[in-house]
Amino acid sequence: MQTNPPKGEELDGNLIAPRLDKLARIRELGLSPYPDQFAQTHTLKEVVTFNPEAPDTPTKFAASGRLMRINHMGKSSFAHIQDDGHRLQLYFQKDTLGEESYSQFVDLFDLGDFLGAEGKLFKTRTGELTLRVEQYLMLSKSLRPLPEKYHGLQDPETRYRQRYLDLISNKNTRNIFVARTKVVSAMRHFLDSSGFIEVETPTLQPLYGGASAEPFTTRYRVLDRDFYLRISDELYLKRLVIGGLDRVYEICKDFRNEGIDRTHSPEFTMMECYQAYSNYLDMMDLTERLVAHIAVHVNGTTSAAFGDNELNFNPPWNRLDFRESILNTVGIDLDDFIEAKQLASESLKAGVKTNPELGLAKVQDQLFEATVVPTLIQPTFVHDFPLSMSPLAKELSDKPGYAARFEPYAGKMEFGNAFSELNDPQEQRRRFLMQAEAIKLGDAEAQQLDEDFIRAMEHGMPPTGGLGIGIDRLVMLLTGNQNIREVILFPSLRTLE
RNA sequence: GGGCCGGUAGCUCAGCUGGUAGAGCAACGGACUUUUAAUCCGUCGGUCGUGAGUUCGAAUCUCACCCGGCUCACCA
């Protein structure tokens with residue numbers, strides 16, 4: 001839609017002009033439309049907790065916020081100010097303020113302006129807590145109108161492009177992002193108190209790795225070579241475990257140059273943590289406890305409404321063997337197929353199209369995605385993935401061809417990945433070389449050989465469990481949003497010319 | 001990328017069997033000293049996403065393009 005993208009210089013039109021006029025009149029009166037400060041006695045959040053009838057209630061409140069509603073009624077006016085998600089009603093009375101002060105409020109203030117007001121609290125006839133204004137001050141003049149007061153801002157495009165308007169007028173939007181912040185802080189708190197230390201590793205990387213994805217490429221001018229925006233921080237965090245940081249984690253943006261849809265954003269936030277002397281089963285346990293802890297911190301309970309379902313993150317979660325999950329769902333036993341083409345044709349019988357030219361692992365993955373994933377509503381660990389799909393994970397000693405790896409699922413959506421980290425450098429080299437074959441087959445997402453990483457591993461790496469959790473998707477699950485754009489403040493959209 | 005749906009006033013939406021636009025909120029003027037989606041009277045406000053085409057005449061029909069939503073494909 002062309003209606004709303006900010007046009008910058010064009011501050012005209014008959015909705016803007018009256019505001020500019022008022023701005024000029026404020027200045028003519030020798031007042032500042034943008035004063036330096038206002039001495040608040042209470043935030044709105046605090047004010048709304050008072051009962052005006054209680055004996056210990058202060059006789060003066062000075063509070064401030066954005067004007068969201070004004071009712072002029074001749075010699076008195078009601079208004080609402082909003083701040084930090086809280087609202088307070090103000091009552092302006094000619095008798096209280098005096099003729100000049102009262103009419104200045106009526107003449108010079110618009111919806112959207114910031115205002116500071118001082119006075120006493122009382123309750124209206126209908127019982128609403130209200131501040132009887134004795135003095136007030138313009139704190140900031142607004143030049144553009146707000147979205148409609150009742151319906152708010154509905155248009156999804158404008159909500160994403162001008163998120164500030166969405167935050168002002170839609171309480172639910174605000175709630176989502178407050179919840180998101182709580183998710184991250186609860187995660188940090190849990191990990192910090194479990195002995196993990198938070199680190200920062202490079203966003204710009206000379207080689208990309210740690211995941212299967214196409215990267216964004218950028219030019220590092222001084223070094224005169226291409227760099228990549230990280231698709232993962234895995235290989236750097238493992239170097240740190242090698243360096244003796246036994247429990248590390250990082251929460252950061254990863255970038256993947258791929259499609260955008262309801263569950264994928266090209267830049268998204270990931271938490272990855274690594275714990276020496278543990279394995280993927282320990283990570284499974286960690287995941288359950290971590291997510292349950294976060295859910296309680298955010299929602300007050302381990303359950304969350306998601307679409308038509310009520311998800312319950314209370315441990316223990318379901319556990320589902322990868323091979324068995326496909327066997328039980330479509331009756332195909334992966335162990336019966338060594339060739340990509342065979343499995344692909346068998347999959348097709350079950351109604352699933354795959355790309356056999358990309359190799360067996362890809363076909364297995366596509367079959368799993370199409371058949372098993374849609375059944376995974378309640379939190380579930382899918383474990384023991386085919387080794388060929390897991391170039392950085394250890395092979396299970398009692399299950400050749402399968403990796404000590406799991407992914408947590410909920411709401412038909414993967415939201416993490418974990419394994420017993422491969423720490424045999426010679427085996428790691430072989431795995432990278434297999435990935436090189438996949439690249440030749442046309443798999444644009446296969447992983448690059450990272451000699452420096454192997455060199456680090458050759459110095460000795462302890463047995464280590466690693467876990468990644470997609471923050472955006474976890475927030476989706478805990479806040480009941482089925483679209484990733486609803487949990488990202490400024491989601492990627494095409495630029496408007 | 002395919003399919004479907006949408007883009008009309010600042011916002012929320014009508015209008016779409018072709019006759020160049022309406023409502024509510026917002027704004028402006030007026031009435032109103034406990035309103036709260038305040039109410040009542042009056043007024044202003046639109047290159048109907050963009051560009052072509054058909055037509056005497058296009059918001060409306062056709063085509064192309066732009067932007068968004070859903071969906072399928074792709075993508076862990």
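Proteins get letters first, then strands, A, B, ... in listed order; numbering begins at 1 in each.
Checked against B:U33, B:U35, B:G68, the side chain of A:Thr130 finds its nearest nucleotide in B:U35. Comparing atom distances between the A:Gln154 side chain and each of B:G68, B:U34, B:C13 picks out B:C13 as nearest. Side-chain proximity of A:Asp110 to B:C28, B:U12, B:U71: nearest is B:C28.
Screening residues 115-144 of chain A for ring pair (Phe, Tyr, Trp, His ring centres under 6.0 Å) gives A:Tyr91-A:Phe122, A:Phe92-A:Tyr136, A:Phe105-A:Tyr136, A:Phe109-A:Tyr136 as the qualifying pairs, with residues at least two apart or on separate chains.
Aromatic ring orientation, A:Phe432 versus A:Phe453: perpendicular (interplanar angle above 60°, classes split at 30° and 60°).
For B:G1, the paired base is B:C72 (Watson-Crick or G-U wobble, both distances below 3.5 Å). The partner of B:U39, taking Watson-Crick or G-U wobble pairs whose two distances both stay under 3.5 Å, is B:A31. In this structure, B:C25 forms a base pair with B:G10, meeting either the Watson-Crick or the G-U wobble geometry with both donor-acceptor distances under 3.5 Å.
Taking A:Arg230 as the reference, A:Glu250, A:Asp254 meet the salt bridge (Lys or Arg N to Asp or Glu O under 4.0 Å) condition, with sequence neighbours excluded. Residues forming a salt bridge (Lys or Arg N to Asp or Glu O under 4.0 Å) with A:Asp113 (at least two apart in sequence, or on another chain): A:Lys141. The ring-ring contact (aromatic ring centres under 6.0 Å, His included) test applied to A:Phe268 returns no partner, not counting sequence neighbours. Listed by chain and residue number, A:Arg180 satisfy the salt bridge (Lys or Arg N to Asp or Glu O under 4.0 Å) test with A:Asp472 (two or more places apart in sequence, or in another chain). Annotation: salt bridge (Lys or Arg N to Asp or Glu O under 4.0 Å) contacts of A:Arg163 (sequence neighbours excluded): A:Asp166. Qualifying ring-ring contact (aromatic ring centres under 6.0 Å, His included) partners for A:Phe50, counting only residues two or more places apart in sequence or in other chains: A:His42, A:Phe61.
Residue A:Thr124 places a side-chain atom within donor-acceptor reach of the base of B:U35, judged by atom type and a 3.5 Å distance cut-off alone. Counting atom types as modelled, A:Gln89 pairs a side-chain N or O with a base atom of B:U35 as donor and acceptor under 3.5 Å. Between the side chain of A:Asp155 and the base of B:C11 there is no donor-acceptor pair of N/O atoms closer than 3.5 Å.
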Can you tabulate the close N/O pairs, meaning under 3.5 Å, that link protein atoms to atoms of nucleotides 41-45 of chain B?
{"unit_1": "B:C44", "atom_1": "O2", "unit_2": "A:Asn14", "atom_2": "ND2", "d": "3.1"}
{"unit_1": "B:G45", "atom_1": "O4'", "unit_2": "A:Asn14", "atom_2": "ND2", "d": "3.0"}

Polar atom pairs between nucleotides 24-26 of chain B and protein, under 3.5 Å, N or O only, would you list them?
{"unit_1": "B:C25", "atom_1": "O3'", "unit_2": "A:Lys149", "atom_2": "NZ", "d": "3.4"}
{"unit_1": "B:A26", "atom_1": "OP1", "unit_2": "A:Lys149", "atom_2": "NZ", "d": "2.8"}

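Scanning residues 481-491 of chain A for heavy-atom distances under 4.0 Å to RNA chain B yields A:Asn483, A:Arg485. Residues from residues 369-387 of chain A that place a heavy atom under 4.0 Å from any atom of RNA chain B: there are none.
Heavy atoms of A:Tyr160 sit under 4.0 angstrom from primed sugar atoms or phosphate atoms, though from no base atom.
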For residues 93-100 of chain A, which side-chain N or O atoms pair as donor and acceptor with protein atoms under 3.5 Å away, sequence neighbours left out?
{"unit_1": "A:Gln93", "atom_1": "OE1", "unit_2": "A:Thr96", "atom_2": "OG1", "d": "3.1"}
{"unit_1": "A:Gln93", "atom_1": "OE1", "unit_2": "A:Arg132", "atom_2": "NH1", "d": "2.9"}

